[in-house]
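Working notes, beginning with the structure itself.
Any value given below was found using the heavy atoms of this structure, including those in side chains, with hydrogens, waters and symmetry copies removed. Just follow the structure's listing: the first ligand is 1, and inside any ligand the first atom is 1. Because the structure is a prediction, the values reported are computed rather than measured.
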Amino acid sequence: MNSSLTDKILDLKVRRNAVILAHNYQPAEIQDIADFTGDSLGLSIEASKTNADVIVFCGVLFMAETAAILSPQKTVLLPDIHAGCPMADMITAAQLETLKSQHPDALVVCYVNSPAEVKAISDYCCTSSNAVKLVNNLPKDKKIIFVPDQHLGKYVQEQTGRDMILWPGFCPTHMRILADDIEKARREHPGALVLAHPECGPEVRGIADKLLSTGQMLDFAGKSDKREFIIATEHGIVHSLKKQYPDKTFYPASQKALCPNMKKITLEKVLWSLQDMKHLITVHPDIRDRAISALGRMLEVLPENNLSIMSR
Ligand code: 13P
Ligand code: SF4
């Protein structure tokens with residue numbers, strides 16, 4: 001680790017009363033300096049509870065926007081303004097409005113990996129860890145529009161048996177993991193359990209032992225009696241898993257599963273972000289008020305998620 005750079009970051013973090021949040025897909029050196037690492041939901045919870053004045057969000061734009069929605073009184077910084085999520089960008093509010101007008105009675109559930117404007121016109125927000133539970137709890141007579149990830153949507157449809165309209169979005173990084181990769185890894189490590197993210201394509205989902213969000217993978221690997229795991233999601237989580245469970249072995253299913261946007265965050269950019277208070281992520285109050293309602297309705301259905309939503 002670059003200790004002088006790290007020292008400067010940690011020093012400035014204290015002086016700014018900042019907290020550093022890192023998604024499980026962040027580069028190892030970023031995870032190692034973060035106050036909290038976690039999945040989208042876990043980090044949103046931390047963002048809403050922290051007493052810090054500044055949140056440095058080491059992740060992608062929709063995550064920093066979610067933090068800004070939940071913590072409007074805090075300064076939310078994204079160290080690289082170009083760290084977007086191509087999946088989130090696969091749907092716009094105008095496209096969702098058109099789909100809603102075609103199915104006026106349907107409920108709209110949007111994955112947290114979506115722009116704030118899309119959350120603002122959705123009925124419910126969800127994460128990969130609670131999507132099945134949320135949809136299971138919605139009125140049975142209602143059709144459900146699910147955006148933007150067709151693969152998570154299909155998984156939810158299979159698990160719940162609900163009538164769902166799926167937006168054709170996808171994560172290019174998870175698409176790079178192939179069933180052949182899983183089969184090869186299984187031949188090499190016959191005792192290992194395959195843990196895959198529900199953003200993976202149908203062939204991978206079909207042969208995985210468990211479909212889990214990144215946070216659920218971290219939980220499951222700790223509780224399981226198994227010692228070896230093949231990990232079918234973005235590569236960064238292997239660092240979190242090895243760090244938490246040094247006595248267990250984790251094999252990435254594919255070396256190609258690297259999210260270029262997650263990897264845009266570097267230690268230098270984290271330091272510059274704290275030095276220059278850049279890049280400031282804000283959400284227009286009208287959008288924020290409506291987006292927070294979609295998050296709030298998720299919590300009414302799943303109160304155990306215990307997200308302490310802040311008001312203005
Ligand atoms: P989770 O951490 O919620 O599983 O999200 C996966 C993801 O792709 C975030 O970009
Ligand atoms: Fe978006 Fe996929 Fe990267 Fe997550 S891993 S930020 S869903 S492109």
*Any N or O of S128 that comes nearer than 3.5 Å to an N or O of ligand 1?*
yes
*Ion pair D247/K242, N-O distance below 4.0 Å*: no
_Pair H151 + H174: ring centers closer than 6.0 Å_ = no
*Is it true that D35 and K13 have a side-chain N and a carboxylate O under 4.0 angstrom from each other?*
yes
*S40-ligand 1 polar pair, N/O distance under 3.5 Å*: yes
*asked:* Nearest non-hydrogen contact with atom 7 (S) of ligand 2 belongs to which option: D149, T173, L152, N113?
replied: N113
*Heavy-atom distances under 4.0 Å are what count here, so tell me which part of N113 touches ligand 1: side chain, backbone, both or neither.*
side chain
*Below 4.0 Å from any atom of ligand 1, is there a heavy atom belonging to Q216?*
no
*Work out whether the distance between some heavy atom of E199 and some atom of ligand 2 is less than 4.0 Å.*
yes
*Scan K263, H23, R176, Q26 and name whichever one has a side chain to side chain donor-acceptor pair (under 3.5 Å) with E234.*
K263
*Starting from atom 2 (Fe) of ligand 2, which protein heavy atom do you reach first, and at what distance in Å?*
C171 SG, 2.3 Å
*Could you list the atoms of ligand 2 found under 4.0 angstrom from a heavy atom of P86?*
8 (S)
*Note the single closest protein heavy atom to atom 8 (O) of ligand 1, along with its residue, its atom name and the distance in Å.*
E199 OE2, 3.0 Å
*Compare every heavy atom of V135 with every heavy atom of R162, then report the nearest pair and how far apart it is.*
NH1-O, 3.2 Å
*So, are K154 and D149 salt-bridged, with charged N and O less than 4.0 Å apart?*
no
*Does an N or O from T127, backbone or side chain, lie closer than 3.5 Å to an N or O of ligand 1?*
no
_Check this for me, if you would: do E183 and R187 make a salt bridge, where the nitrogen-to-carboxylate-oxygen distance has to be below 4.0 angstrom?_
no
*Lys/Arg N to Asp/Glu carboxylate O, R15 vs D11, below 4.0 Å*: yes
*Y25 heavy atoms, cut-off 4.0 Å: which ligand 2 atoms fall inside?*
5 (S)
*Is any N, O or S atom of C85 under 2.8 Å away from atom 3 (Fe) of ligand 2?*
no
*Looking only at distance, does T214 have an N or O less than 3.5 Å from an N or O of ligand 1?*
yes
*Shortest non-hydrogen contact from V270 to I9?*
CG1-CG2, 4.0 Å
*Check whether any heavy atom of H197 sits under 4.0 Å from an atom of ligand 1.*
yes
*Check ligand 2 against C259 and write out every atom of the ligand that is under 4.0 Å from a heavy-atom position of the residue.*
3 (Fe), 5 (S), 6 (S), 8 (S)
*Out of curiosity, is M63 lining ligand 1, as in a heavy atom under 4.0 Å away?*
yes
*asked:* Below 2.8 Å, can you find an N, O or S atom of H174 next to atom 2 (Fe) of ligand 2?
replied: no
*For a side-chain contact (heavy atoms from CB on, under 4.5 Å) with Y111, tell me which candidate from P198, P148, S40 qualifies.*
P148
